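The structure under discussion appears below in the form of C-alpha cells.
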Amino acid sequence: MYVAVKGGEAAIANAHRLLADRRRGDRAVPALRLDQIVEQLALGVDRVMSEGSLYDRELAALAVVQARGDMIEAIFLVRAYRTTLPRFGYTNPVDTGAMQVERRVSATYKDLPGGQVLGPTFDYTHRLLDPELAAGAEVETPVQRPVEDEAMPRVSAILAHEGLIEADGEMPRDHVPGDITREPLQFPMARDIRLQALSRGDEGFLLALGYSTQRGYARNHPFVGEVRIGEVELELDVPELPFAVPLGSIRVTECQMVNQFKGSAKAPPQFTRGYGLVFGQSERKAMAMALCDRALRAGELGEDVVAAAQDEEFVISHSDNVQATGFVEHLKLPHYVDFQAELGLVRRMRAEYEARENEDKAAEEKREAAE
Amino acid sequence: MRGQEAREQAERKAAMATLAHAAADEIARLWDGSGLPSEAELLRGPETGLVTVRGRIGGGGAPFNVGEATVTRATVRLPSGQVGHSYSLGRDKQKARLAAIADALWQDPAHRAEVEAKLVAPLRETLDAAREKRRVETGATKVDFFTMVRGED
C-alpha cells in the first residue's frame, strides 16, 4: 500500500527564512554588493561561470552570495537560471590566436613570438598569508611598460610547420557540432561533445583525473605547449544583418597540451595534443581539461584503455557536479516508505535466520542427548 | 559601388562593435549630452536570451560548444523609417534600446556623422584607452631572458 504523507510546510518556510538570516549574517557587518564580488572574488565568479556554463559575471556573483559561497550550489543556481532564457543561436567560433592576451606562457619554447608574459599569476608567490591585506592596506598600481604590439600565434602553429605535431582536431566535413544541452549523452561520443562536457565539468574531478594520468594511470608525458588567458571577440550570424553581429568580448583560458608521439601504422611518430578551453581565468581547469581530453583520445590513437581517465563513459558521466550533487544529495530526502519496506524485509530475514538457528540448536541438543 | 557598400557595412559593424563593448551608463551619459533623438518604435525586445559560445578543437580545428552567454538585443524603427538592431553581451535592456536607436540613426545619412562624432568616437576612445592600459600593464610582466656567462673559454 502506498500512503501519501503531507507535512513540514511551516518547518520548510521557517528553515528558508533562517537560511536568509544566516546568509546575511551579523547585521553590523556591511552586506556584500555584487560588484565587490565581481571585482574581488573574480576567480570564484569565473569558476561559477565555467561550470555553470553561463558567461555572466553579475549573475555568477549573485549565485555566489545566494549560495553563501558554496560553489556547487552557486553553479546549480546558474544552471537552473539558463533554462529560463530563449536561445538566439551559436556564435562563430572564437579566434584565440587574436586574443587580447593578459597572460601567456609556454613550457616548451623559451623564445616564441610574443614572448612569455606572466600576467596576474599566483606562480612564484611564496604562498604566505598577507596580514597587510587583512588590515586593508592600499595596493600599488601596476607597472606599465610600453611594448610592441606583437602578434602571438598559438604555439601549435609553430611546431606545425615541421609536421612534428598533429594538426588541430578535425571532424568529418559534414559533422554538425553536438550539443549536450540539446541531446542526451550517448557513448561513444565525438571529441567535440566530450570537450563541451569537459569545459563545464567539475574542476576538482578533472584535476584529480589529470593528476592520475601524471602518476602513471594512462601516462602520456604532457608538456604545456601553451597556456593563454585573455579576451576574445564574440560574433553571431543573424538573419537580419548582412554581417556577423559583434556581441562584445569574453575572457577565456586556453591550454595546448603537447604529448607523447608514438605514431601508428597510419600516422608517423609525432607529438599528439590535448586541448582545454574554459570561461574566465582558470588555468588549472584548462590544463586538467587538456590532460583529460588527451587521455580520452586513447582509442583514437590506438592506446590500451587501462585507466579511469581514459574511460569516456566513466569520465563524462561523472564530470558534471550538478548531476553528481543532485544524485548524492537526494539521499537525504525522505525515503521513509523505501526504508520501511527494507526494514520489513530485514525483520523477516532476521526472523527466518533466528528460526533456523533455533532449529539447528534444538537438533544439536537432541543429538547430544542421544549420544 | 560594391566597394563602397562593403566599406559602409564594415563601418556600421565597427560602430555596433563599439556600442556592444561600451558600458551601459557611459552610452546613456553621452546620449543625454548629445542631443540625438531617442524617439523610436520598438519592433522587438529589448529581450535577453542566450548564445552558445563556440571554440575550435586545438584552437583552429572543428568547432565545438563551450558554454552559453547572456545577450540582450533590440530592434527599433525611427519615425523616418530606418530600422536599427543591437546585440550585446549581458542583460542591460536600456543599453540594447539605445544601441539599436544608434544603429538606426547611423543608417540615416542626416545623422551618421553626429552618431559617429558624439557617441561612437568618445566610446571608442574610452575602450581604446582601457585596452592600451591593460596592454602595457601586461607588457611589464613579459619575461626578458638573459644568457649567463658560462665558465668555459
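No hydrogens, no waters, no symmetry mates; every other heavy atom, side chains included, goes into these values. Remember, it's a predicted structure, so these values are computed and weren't measured experimentally.
- Comparing B:Gly90, B:Ala22, B:Ala17 by how many heavy-atom pairs each has under 4.5 Å with chain A, the most go to B:Ala17.
- With a threshold of 4.5 angstrom between heavy atoms, A:Gln256 approaches chain B through side-chain atoms but not through N, CA, C or O.
- For A:Leu236, the part lying near chain B is the side chain, with the backbone staying farther off; criterion is any non-hydrogen pair under 4.5 Å.
- Each of A:Asn92, A:Ile193, A:Val252, A:Asp179 has some count of heavy-atom pairs under 4.5 Å with chain B, and the biggest count is that of A:Asp179.
- Of the listed residues (A:Arg57, A:Glu233, A:Arg194), the greatest number of heavy-atom pairs within a distance under 4.5 Å of chain B belongs to A:Glu233.
- If you measure heavy-atom distances from A:Val232 to chain B, you find no contacts under 4.5 Å at all.
- For the set A:Gly89, A:Gly114, A:Ser50, A:Ala290, the count of heavy-atom pairs under 4.5 angstrom toward chain B peaks at A:Gly89.
- Under a cut-off of 6.0 angstrom, the local environment of CZ in B:Arg77 is sparse, with at most 12 non-hydrogen atoms contributed by other residues, nucleotides or ligands.
- The structure places OG1 of B:Thr70 at 9.0 Å from CD of A:Glu58, a figure rounded to the nearest 0.5 Å.
- Contacts between A:Arg82 and chain B at a heavy-atom distance below 4.5 Å involve backbone atoms as well as side-chain atoms.
- In this structure, chain B has a heavy atom under 4.5 Å from the side chain of A:Asp111, while its backbone stays farther away.
- By number of non-hydrogen pairs under 4.5 angstrom with chain A, the leading residue of B:Lys13, B:Met16, B:Arg56 is B:Lys13.
- The residue among B:Gly55, B:Gly60, B:Ala14 with the most heavy atom pairs within less than 4.5 Å of chain A is B:Gly60.
- Under a 3.5 Å cut-off, the side chain of A:Thr91 and the backbone N or O of B:Arg54 do form a donor-acceptor pair.
- No other option in A:Thr141, A:Leu85, A:Asp293, A:Thr84 has as many heavy-atom pairs under 4.5 Å with chain B as A:Leu85.
- Within the 4.5 angstrom heavy-atom criterion, atoms from both the backbone and the side chain of A:Leu277 approach chain B.
- Nearest heavy-atom pair across A:Asp192 and B:Pro63 is CB-O, 3.9 Å.
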For this session: Start with the C-alpha distance between B:Glu68 and A:Asp56, add both sets of side-chain angles, then the distance that settles side chain to side chain contact (heavy atoms under 4.5 Å, CB included), and finish with yes or no.
Result: CA-CA 9 Å; B:Glu68 286 149 342; A:Asp56 188 314; over 6 Å; no
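- Nearest heavy atom pair, residue A:Met171 against residue B:Ala62, reads CG-CB, 3.3 Å.
- Within a 6.0 Å sphere centred on CD of B:Glu11, heavy atoms belonging to other residues, nucleotides or ligands number more than 12.
- Interface residue A:Leu241: only side-chain heavy atoms are found under 4.5 Å from chain B.
- Put simply, of B:Lys133, B:Glu132, B:Arg44, the one with the most heavy-atom pairs under 4.5 Å next to chain A is B:Arg44.
- Using a 4.5 Å cut-off between heavy atoms, A:Arg154 touches chain B through its side chain atoms alone.
- No side-chain heavy atom of A:Arg191 sits less than 4.5 Å from a side-chain heavy atom of B:Phe64.
- Considering every non-hydrogen atom in both A:Asp168 and B:Gly61, the closest pair reads CB-N, 3.3 Å.
- Contacts with chain A were tallied for B:Asp144, B:Thr18, B:Thr75; B:Asp144 has the most, counting heavy-atom pairs under 4.5 Å.
- For a residue to count as touching a neighbouring chain, one of its non-hydrogen atoms must lie under 4.5 Å from one of that chain's; by this rule A:Val245 touches chain B with the side chain only.
- Figure legend: cation-pi geometry between B:Arg73 and A:Phe88, with NZ or CZ positioned under 6.0 Å from the six-membered ring centre and within 45° of its axis.
- Note: A:Leu247 leads A:Val147, A:Leu247, A:Thr121, A:Val278 in heavy-atom pairs under 4.5 Å with chain B.
- Taking each heavy atom of B:Gly58 and A:Ser156 in turn, the nearest pair found is O-OG, 4.2 Å.
- Taking a 6.0 Å sphere around CD of B:Glu41, one finds it holds more than 12 heavy atoms contributed by other residues, nucleotides or ligands.
- Note that CD of A:Gln100 and CZ of B:Arg131 are 4.0 Å apart. Values are rounded to the nearest 0.5 Å.
- The two atoms that bring A:Ser53 and B:Gly67 nearest to each other are OG-CA, 3.4 Å, heavy atoms only.
- Of the atoms belonging to A:Glu150, it is side-chain heavy atoms, and not backbone ones, that fall under 4.5 Å from chain B.
- Under the 4.5 Å side-chain criterion, counting only non-hydrogen atoms from C-beta, B:Leu50 is in contact with A:Leu54.
- Per-residue counts of heavy-atom pairs under 4.5 Å with chain B were compared for A:Glu231, A:Glu166, A:Arg104, A:Glu148; the largest is that of A:Glu231.
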Exercise. Where do B:Val83 and A:Glu240 land on the side chain to side chain contact (heavy atoms under 4.5 Å, CB included) test, with the steps shown first?
Worked result: CA-CA 10 Å; B:Val83 172; A:Glu240 63 268 30; over 6 Å; no
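- The shortest heavy-atom contact between A:Gly248 and B:Leu89 is C-CD1, 3.8 Å.
- Side-chain contact between A:Tyr55 and B:Val53: absent, with no pair of heavy atoms (C-beta onward) separated by less than 4.5 Å.
- Counting heavy-atom pairs under 4.5 Å between each of B:Gly139, B:Gly59, B:Ala10 and chain A puts B:Gly59 at the top.
- Using a 4.5 Å cut-off between heavy atoms, B:Phe145 contacts chain A through its side chain alone, with no backbone atom that close.
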